[in-house]
Every structure is written in C-alpha cells, then in structure tokens.
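Heads up, the thing below is written out as structure tokens.
Here the structure is a predicted model, which is why all the values come from computation and not from measurement. Residue numbers begin at 1 in each chain, while the letters A, B, ... track the order of the sequences. The analysis underlying the following values was restricted to heavy atoms, covering all of them including side chains, and did not include hydrogens, waters or symmetry mates.
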Amino acid sequence: MSNAFDARFYDRHVADVAQRLIGAALSLDGVGGMIVETEAYDRDDPASHSFAGATARNAAMFGPAGHAYVYRSYGLHWCFNIVCRPGAAVLVRALEPVSGIPAMIRRRGMEDLRSLCSGPGKLCQALAIGGEHNGLPLAHGSLRLELPDRPCEVTAGTRIGISKARDHNWRFGLAGSKFVSRAFPTTR
DNA sequence: GAGACGATTGGCT
DNA sequence: GCCAATCGTCTCA
C-alpha cells in the first residue's frame with residue numbers, strides 16, 4: 001500500500017498521481033479535510049508553470065517530490081500543489097471540510113460548508129496556506145497528507161481556468177461529491 | 001524600468 | 001454569464 005511518506009508514490013505519471021490523491025486527507029495544524037478535486041500539470045505541458053523551465057517562482061516544482069508548491073494567483077489568492085516528478089505537480093482544487101471547521105468558517109467569513117474549500121484559492125484561505133509553506137515537505141510537520149486505504153471512484157474532465165492545452169482530461173474529482181469547485185460533465 | 005498577463009473569486013446583471 | 005479587483009512574475013528594452 002502506497003503512502004504519502006513514500007517517494008515512490010510520486011514516481012508515476014502526474015495524471016495518475018492526481019487521481020490517486022482523490023480521497024486523501026490534507027490538513028494544516030489540524031485544520032483540513034478530504035481532497036475531492038485535483039488537476040495535473042506536467043513538465044511538457046504548455047499550461048504548466050514549469051513548461052518554460054525553472055524560475056525563482058516555480059523552483060519548488062523542480063524540488064523533491066512530496067513537497068508543497070504554493071504560488072500566488074491573480075495577485076490575491078494562493079494555490080496549493082503537490083510536487084511529483086521534476087516539473088510536474090498536482091493542483092489541489094477542492095476539499096470536503098472535515099476537521100477544524102470553525103477555524104475555516106472564521107477565515108472564510110461564511111458558514112456554508114460547500115463554500116469553504118470549493119476552489120484552489122478558497123481552500124488555501126480556509127487552511128491558512130500561504131507563501132511561507134512553499135517548498136515544505138508534506139510527510140511531517142504541520143502540513144499533513146494521508147492517502148486513502150483504497151482508491152476512490154473518480155470522474156475526469158478538462159482543466160479549469162487555463163488558456164493552453166485545454167484538451168487534456170487532467171481534472172479529477174470524487175464521483176458524486178458536492179464539494180467540487182464546479183460540477184463535472186455528467187458521465188454515462 | 002515598463003507593460004502584459006494570470007492554474008481565481010465574489011458580486012452584480 | 002460578465003467583469004473588476006490586485007500584484008507578483010516574466011519578458012523585453
């Protein structure tokens with residue numbers, strides 16, 4: 001059984017890792033929940049920050065697997081990624097709140113559970129993830145990641161908010177979850 | 001040093 | 001569905 005402490009877990013295609021992270025538990029200082037939505041970004045992916053090579057901002061993407069890559073989006077939001085192979089990372093887009101919910105409500109300024117973590121910027125605000133967490137390991141410390149015992153039922157779709165390589169079905173969600181940032185196209 | 005742009009969100013029509 | 005907010009990063013001069 002693979003776990004988040006095992007570097008080998010990340011040594012597979014990033015889209016595969018993104019699927020396996022659905023159902024995992026993510027938390028910071030005891031505040032967190034279950035990952036219900038992810039997106040994969042690969043080294044040779046025009047939509048990825050790493051596509052043009054390593055820079056000061058994306059250095060963490062080329063660092064050790066199983067570490068965090070946190071960046072600021074649109075000047076005001078933070079987005080949280082899990083680094084896999086060099087230049088590849090999984091963007092965590094949504095959580096189902098599980099623990100520390102009062103803290104999330106306080107930070108987000110709203111009570112609706114579905115609005116607490118249903119988006120990459122939202123979950124970072126709810127968990128108080130910021131630039132100081134960029135490059136930190138997820139295996140120990142205040143940032144925790146625990147993989148599910150068994151794979152969850154996952155639905156796939158196209159990634160959101162990008163202008164390049166829109167054709168890849170590299171967005172993954174927990175089937176039937178109400179906590180995703182946007183509904184997946186009805187499958188089957 | 002200047003200019004363009006973005007893996008978003010929340011409010012308004 | 002449309003659009004403004006807001007600023008770090010990157011590119012080019």
Please say whether the positively charged group of Arg43(A), taken as NZ for Lys or CZ for Arg, lies over the ring of Phe51(A), i.e. under 6.0 angstrom from the six-membered ring centre and within 45 degrees of the axis.
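Judged by the rule (NZ or CZ under 6.0 Å from the ring centre, within 45° of its axis), Arg43(A) is not positioned above Phe51(A).
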Taking the six-membered ring of Tyr41(A), is the NZ or CZ of Arg159(A) close enough (under 6.0 Å from the centre) and on axis enough (within 45°)?
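Yes, a cation-pi geometry.
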The test is side chain to side chain donor-acceptor pair (under 3.5 Å); show your working for Arg107(A) and Gln125(A) and say whether it passes.
CA-CA 7 Å; Arg107(A) 291 164 181 162; Gln125(A) 185 182 14; over 6 Å; no
How would you summarise protein contacts on nucleotides 7-13 of chain C per nucleotide, using B for base, S for sugar-phosphate only and - for none, with heavy-atom distances below 4.0 Å?
BSSS---
Within this structure, what is the CG-CZ distance for the pair Leu174(A) and Phe179(A), rounded to the nearest 0.5 Å?
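The distance works out to 10.5 Å.
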For dA7(B), does OP1 or OP2 lie under 4.0 Å from any side-chain N or O of Lys164(A)?
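No, outside the criterion.
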Phosphate-side-chain proximity, His77(A) and dT9(B), N/O vs OP1/OP2 below 4.0 Å
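No, because none of the side-chain N or O atoms of His77(A) sits under 4.0 Å from OP1 or OP2 of dT9(B).
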Is the base of dA7(B) stacked against the aromatic ring of Tyr41(A), taking ring centres under 5.5 Å apart and planes under 30° as the test?
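Yes, the aromatic ring of Tyr41(A) stacks with the base.
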In this structure, how many angstroms lie between the [atom2] atom of [N] and the [atom1] atom of [X], rounded?
| X | N | atom1 | atom2 | value |
| --- | --- | --- | --- | --- |
| Leu123(A) | dT9(B) | CG | C1' | 13 Å |
| Glu37(A) | dT8(B) | CD | P | 10 Å |
| Tyr69(A) | dA7(B) | OH | P | 9 Å |
| Arg166(A) | dA7(B) | CZ | C1' | 12 Å |
| Trp78(A) | dT6(C) | CH2 | P | 17 Å |

Pairing of Arg114(A) and Asp112(A) as salt bridge, 4.0 angstrom limit
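No salt bridge links Arg114(A) with Asp112(A).
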Evaluate the side-chain proximity of Val90(A) to Cys84(A): yes if any heavy-atom separation is below 4.5 Å, no if none is.
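Side chain of Cys84(A) against side chain of Val90(A), heavy atoms only: contact under 4.5 Å found.
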Check whether any side-chain heavy atom of Leu145(A) lies under 4.5 Å from a side-chain heavy atom of Ile82(A), and answer yes or no.
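Yes. Closest side-chain heavy atoms under 4.5 Å.
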Identify, residue by residue, the members of residues 84-118 of chain A with a heavy atom below 4.0 Å from DNA chain B, and return them in order of residue number, or none.
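Leu91(A), Arg93(A), Arg108(A) - these, ordered by number, are the residues of the stretch whose heavy atoms sit under 4.0 Å from the strand.
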Partner nucleotide, any strand, of dC10(C) [Watson-Crick/G-U, under 3.5 Å]:
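Matched dC10(C) with dG3(B) under the 3.5 Å cut-off.
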Return whichever of Gln125(A) or Asn81(A) has its heavy-atom-nearest nucleotide of DNA chain B closer to the 5' end.
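Nearest-nucleotide comparison on DNA chain B picks Asn81(A).
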Path from Leu116(A) to Val31(A) over hydrophobic side-chain contacts below 4.5 Å
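Cluster IDs for Leu116(A) and Val31(A) match.
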Working for side chain to side chain donor-acceptor pair (under 3.5 Å), residues Ser27(A) and Arg144(A)
CA-CA 5 Å; Ser27(A) 66; Arg144(A) 315 272 312 185; 5.5 Å; no
